[in-house]
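Beneath this line is the structure, given in C-alpha cells, with notes to follow.
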Amino acid sequence: MSRGVIKKVAGPLVIAEGMRDANMFDVVRVSDKRLIGEIIEMHGDQASIQVYEETSGLGPGEPVESMEVPLSVELGPGLIGAIYDGIQRPLNGIMEISGSANLQRGVEIASLDREKVWEFVPTAAEGDQVQAGDVIGTVKETDVITQKIMVPFGITGKIKSIKGGSFKVDETVCVIGTEKGDKELSLMQKWPVRRGRPYKQKFPPVKPLVTGQRVVDTFFPIAKGGVAAIPGPFGSGKTVMQHQLAKWSEADIVVYIGCGERGNEMTDVLNEFPELKDPKTGKSLMERTVLIANTSDMPVAAREASIYTGITIAEYFRDMGFSVALMADSTSRWAEALREMSGRLEEMPGEEGYPAYLGSRLAQFYERAGHVMSIGTEGREGQLSVIGAVSPPGGDISEPVSQATLRIVKVFWGLDADLAHQRHFPAINWLSSYSLYLDSIGPWFNTNVDPEWMSMRQKLMSLLQEEASLNEIVKMVGMDALSAGDRLKMEAARSIREDYLHQDSFNEIDTYTSLPKQFNMMRLVYSFYEGGQLALKRGADINDIVKMQTRERIGRYKYTPEADVAAEFDKISKELAQEFAAITGKEAR
C-alpha cells in the first residue's frame with residue numbers, strides 16, 4: 001500500500017506527499033485517527049485528498065495510507081430500511097460504537113451488517129453456465145422486497161457448487177469456475193460509486209411515472225427512467241413535494257438523499273418515513289426505502305460523495321428489474337461542496353465561483369437515470385427516475401446551478417413563493433414549468449386512460465394561459481370591463497386552479513388522485529366552461545352562470561373516494577346540464 005505524510009491541511013482538503021504509487025480516486029486513511037478520504041488530484045508524488053470527516057487537529061507529518069481501491073459501496077441484503085451517511089456508513093451502527101448521538105471521527109464500520117443472517121434460495125443449479133448479471137438466487141429482504149443475488153460484473157463461467165440456507169452477507173453461497181480460476185460469490189458485491197453500473201441497452205421513455213399529483217401527472221409528467229428538477233426558494237415546498245413523490249410514485253424502491261439539507265428537515269424525514277404507510281402494501285414505507293442522511297452540519301466534502309453513493313445503490317436495484325425513484329435534496333448543496341473543493345484546489349473559477357466543470361458533473365449524475373435492459377441472459381428491464389431539488393439563493397433560477405440543471409433535465413417543476421404564501425400546494429407554477437416528455441408519453445395516456453386525455457389537457461392549459469393575459473387587463477381596468485366571454489374564461493381558469501391544481505396532501509382522499517379520476521375532474525371543469533359558452537350564446541346572464549350551485553359540487557369532487565368516482569361524476573354532470581337548462585330557459589321566458 002502507498003504511504004505518505006501530510007504536508008498541508010486546508011479545511012476538508014489535505015495535501016499529502018510521498019504518494020507516488022497511489023491512484024486517482026483511491027480511498028485513503030488520513031492520520032492516526034484513520035479519517036476516510038479520497039484522492040481527487042495528483043501532481044508527481046503529491047496527492048490532494050478530499051477528507052469526508054472533520055479535519056480539525058490534523059497537522060503536517062501525520063501518516064496517510066492509500067487503500068488502493070476506489071470509493072465503493074457494498075450492495076446486498078440489508079440496504080432496504082437502512083439510514084446511511086454520505087459515504088454509506090450506517091448511522092445506527094456509528095451511534096452504537098460512539099455511545100452517543102454525536103458521530104465520532106475515524107469509525108470503521110461495515111456498510112452491511114456482517115452478523116445478520118439471511119435466507120438464500122438458489123434459482124440456479126450446479127453445472128449452469130452463467131455470466132455477469134445472471135440471477136443465481138433470491139433473498140427476501142422485507143415483506144415487500146425480494147432481492148435478486150446477481151453474478152458480479154466481469155465474471156463468466158460454470159457453477160461448480162451452490163447451496164441454499166441461512167448465510168451472512170460475506171459467506172460463500174456459490175462457486176463459479178472461470179478461465180482465471182474459481183470465483184467464490186457471497187450475497188453482496190461492491191461497486192465504485194463514480195462509475196455507472198453497466199447495462200445492455202437503454203430505451204426511450206414511453207411510460208409516465210404516475211405520481212397521483214394532478215399538476216404533475218396532467219400538465220408536467222415525468223417518464224419512468226426520466227429526470228426532473230424542482231427549483232424553488234426557501235419555504236416553497238420542495239421537500240414536501242419530494243415526500244409526496246416518494247410516497248405515491250409508482251416506484252418499487254425509493255432512494256432518498258438528504259444532501260446538505262438542514263438537520264431539522266432530515267430529522268422530519270427520519271421520523272416520518274418509518275411511520276408512513278405504503279399505500280400499495282399497507283406496510284411501513286421504510287420497507288422499500290433507502291435513506292442517505294448527509295446534513296448541512298456534516299463535513300462539506302461528504303455531500304459530494306452522497307449523490308454518487310445514492311445513485312449507485314439505485315442502479316443496483318434497477319439492475320434487478322425494479323422501478324426506482326431517486327430523490328436528491330438538494331443538488332445546490334452538492335454543487336456548493338464542488339465549489340468549496342475547487343476553491344481549495346485553487347482551480348480557475350467559473351460563474352459565481354462554481355467550477356467550470358459544474359455542468360459536466362451534473363450531466364454525469366443525471367445521465368445515470370434511464371429505462372434500461374440489464375446485463376445478463378434474462379433481459380430484465382428496470383427504470384431509474386431521478387428527481388433533484390434545486391435551492392437557488394432567493395429563488396433566483398438564473399444562478400449557475402439552476403441553469404446548468406435546466407440544460408440537462410427534461411422536466412422543470414418551478415415552485416413559486418407567491419403560490420406557497422397563498423397556501424396553494426403543490427406550489428408549481430403552471431406558466432413557467434414544462435415537461436419535454438409529453439410528446440413521447442402522451443400516446444400512453446391516450447391509450448391507457450382516455451383517447452381525449454392530451455386534447456383535454458391542452459384545453460385546460462390554454463385557459464390558464466389566457467387567464468394570465470386577461471389578468472393584466474383586469475389589473476388596469478377592473479373585472480367589470482371584461483366581456484361576458486372573458487369573464488367566463490376567468491371563472492373557468494379559477495376553477496382549474498382552485499378545484500383541480502390545488503391538492504391537499506393532508507387529506508387521505510385528495511393526497512392521491514388516480515388517472516381516471518383526474519380525467520373526470522378535467523371533464524367536469526371543462527364541461528362548466530363549454531356549457532357556459534353555450535348558455536351565453538342563448539342569452540344567459542354571466543352573473544347567473546358564475547353563481548351556479550353545481551360549481552361547488554365540481555369543486556368538492558376531488559374529495560370523492562375512488563370507489564364512488566364514476567357514480568358521482570354522472571350525478572354532477574346531470575345536475576350541471578339541468579342547471580344550465582334552467583338558466584337558459586329562464587332567459588328565454
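This is a predicted model, so every value here is computed, not measured. Throughout, numbering of the chain's residues begins at 1 and tracks the sequence.
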For [X] and [Y], indicate whether the former's side chain and the latter's backbone hold a donor-acceptor pair under 3.5 Å.
X	Y	answer
N92	I83	no
R380	G133	yes
W413	F220	yes
N294	D85	no
H424	A420	no
Q88	E74	yes
T511	N507	no
S306	G86	no
K224	G370	no

With rounding to the nearest 0.5 Å, note down the distance linking [atom1] in [X] to [atom2] in [Y].
X	Y	atom1	atom2	answer
I387	L326	CD1	CG	8.5 Å
T146	D143	OG1	CG	9.5 Å
L362	L406	CG	CG	10.5 Å
Q383	I253	CD	CD1	12.5 Å
S249	Q244	OG	CD	9.5 Å
E96	I109	CD	CD1	7.0 Å

Next item on the list: Apply side-chain contact (heavy atoms from CB on, under 4.5 Å) to the pair L384 and E315, showing each step before the final yes or no.
Entry: CA-CA 7 Å; L384 170 52; E315 284 176 331; 3.8 Å; yes
Notebook entry, point to check: What heavy-atom pair brings P426 and M241 nearest, and what distance separates the two atoms?
Noted result: CB-SD, 3.7 Å
Notebook entry, point to check: What is the minimum heavy-atom distance between V169 and P77, and which atoms define it?
Noted result: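 Here V169 and P77 meet closest at CG1-O, 3.6 Å.
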Does the pair [X]/[Y] count as a salt bridge with the N-to-O cut at 4.0 Å?
X	Y	answer
E568	R553	yes
E452	R457	no
E304	R194	yes

I'd like to know if the side chain of [X] pairs up with that of [Y] as donor and acceptor (distance under 3.5 Å, no hydrogens or angles considered).
X	Y	value
T211	D217	yes
S166	E119	yes
N520	Y557	yes
Q147	T138	no
T312	R368	yes
S236	D416	no
D319	Y199	no
D564	T560	no
Q518	T218	yes

Notebook entry, point to check: Does the ring centre of H502 sit less than 6.0 Å away from the ring centre of W430?
Noted result: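 Not under 6.0 Å, so no.
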Item checked: Derivation and outcome, salt bridge (charged side-chain N to carboxylate O under 4.0 Å, His left out), residues E467 and R494 -> CA-CA 9 Å; E467 181 201 33; R494 182 166 73 88; over 6 Å; no
Note to self: Ring-plane angle category for F365 and W334, please: parallel below 30°, perpendicular beyond 60°, tilted otherwise.
What the structure shows: tilted
Note to self: Using 30° and 60° as the class boundaries, would you call the ring planes of H243 and Y256 parallel, tilted or perpendicular?
What the structure shows: perpendicular
Is [Y] close to [X] at the side-chain level, that is, under 4.5 Å between some pair of heavy atoms?
X	Y	result
Y354	P400	yes
K517	I509	yes
V73	K190	no
K247	Q242	no
E381	V372	no
Y316	L79	yes
V135	I149	no
I554	I572	yes

Counting only heavy atoms not in [X] (residues, nucleotides, ligands), do more than 12 fall under 6.0 Å from its [atom1]?
X	atom1	result
R556	CZ	no
K140	NZ	yes
K148	NZ	yes

Checklist line | Result of checking S402, S330, S332 against S391 for side chain to side chain donor-acceptor pair (under 3.5 Å) | finding: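 By the side chain to side chain donor-acceptor pair (under 3.5 Å) criterion, S391 pairs with just one of S402, S330, S332: S330.
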Check: When you look at S514 and E562, which way does the side chain to side chain donor-acceptor pair (under 3.5 Å) test go after all the steps?
Finding: CA-CA 8 Å; S514 67; E562 291 286 342; 2.7 Å; yes
Next item on the list: For R551 and E498, run salt bridge (charged side-chain N to carboxylate O under 4.0 Å, His left out): C-alpha distance rounded to whole Å, both residues' side-chain angles, the deciding distance at 0.1 Å, then the answer.
Entry: CA-CA 12 Å; R551 291 190 67 193; E498 296 178 2; over 6 Å; no
Note to self: Applying side-chain contact (heavy atoms from CB on, under 4.5 Å) to F412 and L436, what does each step give before you reach the verdict?
What the structure shows: CA-CA 9 Å; F412 169 68; L436 301 181; over 6 Å; no
Check: How far apart are the C-alpha atoms of Q403 and S398, what are their side-chain angles, what is the distance that settles it, and do they pass the side chain to side chain donor-acceptor pair (under 3.5 Å) test?
Finding: CA-CA 6 Å; Q403 287 303 305; S398 64; over 6 Å; no
[X] charged N/C atom sitting above [Y] aromatic ring, 6.0 Å / 45°:
X	Y	result
K207	Y437	no
R214	Y500	yes
R197	F153	no

Note to self: Could you walk me through whether K283 and E287 satisfy the salt bridge (charged side-chain N to carboxylate O under 4.0 Å, His left out) test, starting with their C-alpha distance in whole Å, then the side-chain angles of each, then the deciding distance to 0.1 Å, before giving a yes or no?
What the structure shows: CA-CA 7 Å; K283 308 281 186 181; E287 294 205 7; 5.8 Å; no
Next item on the list: Any chance you could lay out the side chain to side chain donor-acceptor pair (under 3.5 Å) test for S455 and Q458, step after step, and finish with the verdict?
Entry: CA-CA 5 Å; S455 63; Q458 188 54 50; over 6 Å; no
Checklist line | side chain to side chain donor-acceptor pair (under 3.5 Å) evaluation trace for N429 with S433 | finding: CA-CA 6 Å; N429 187 309; S433 302; 5.7 Å; no
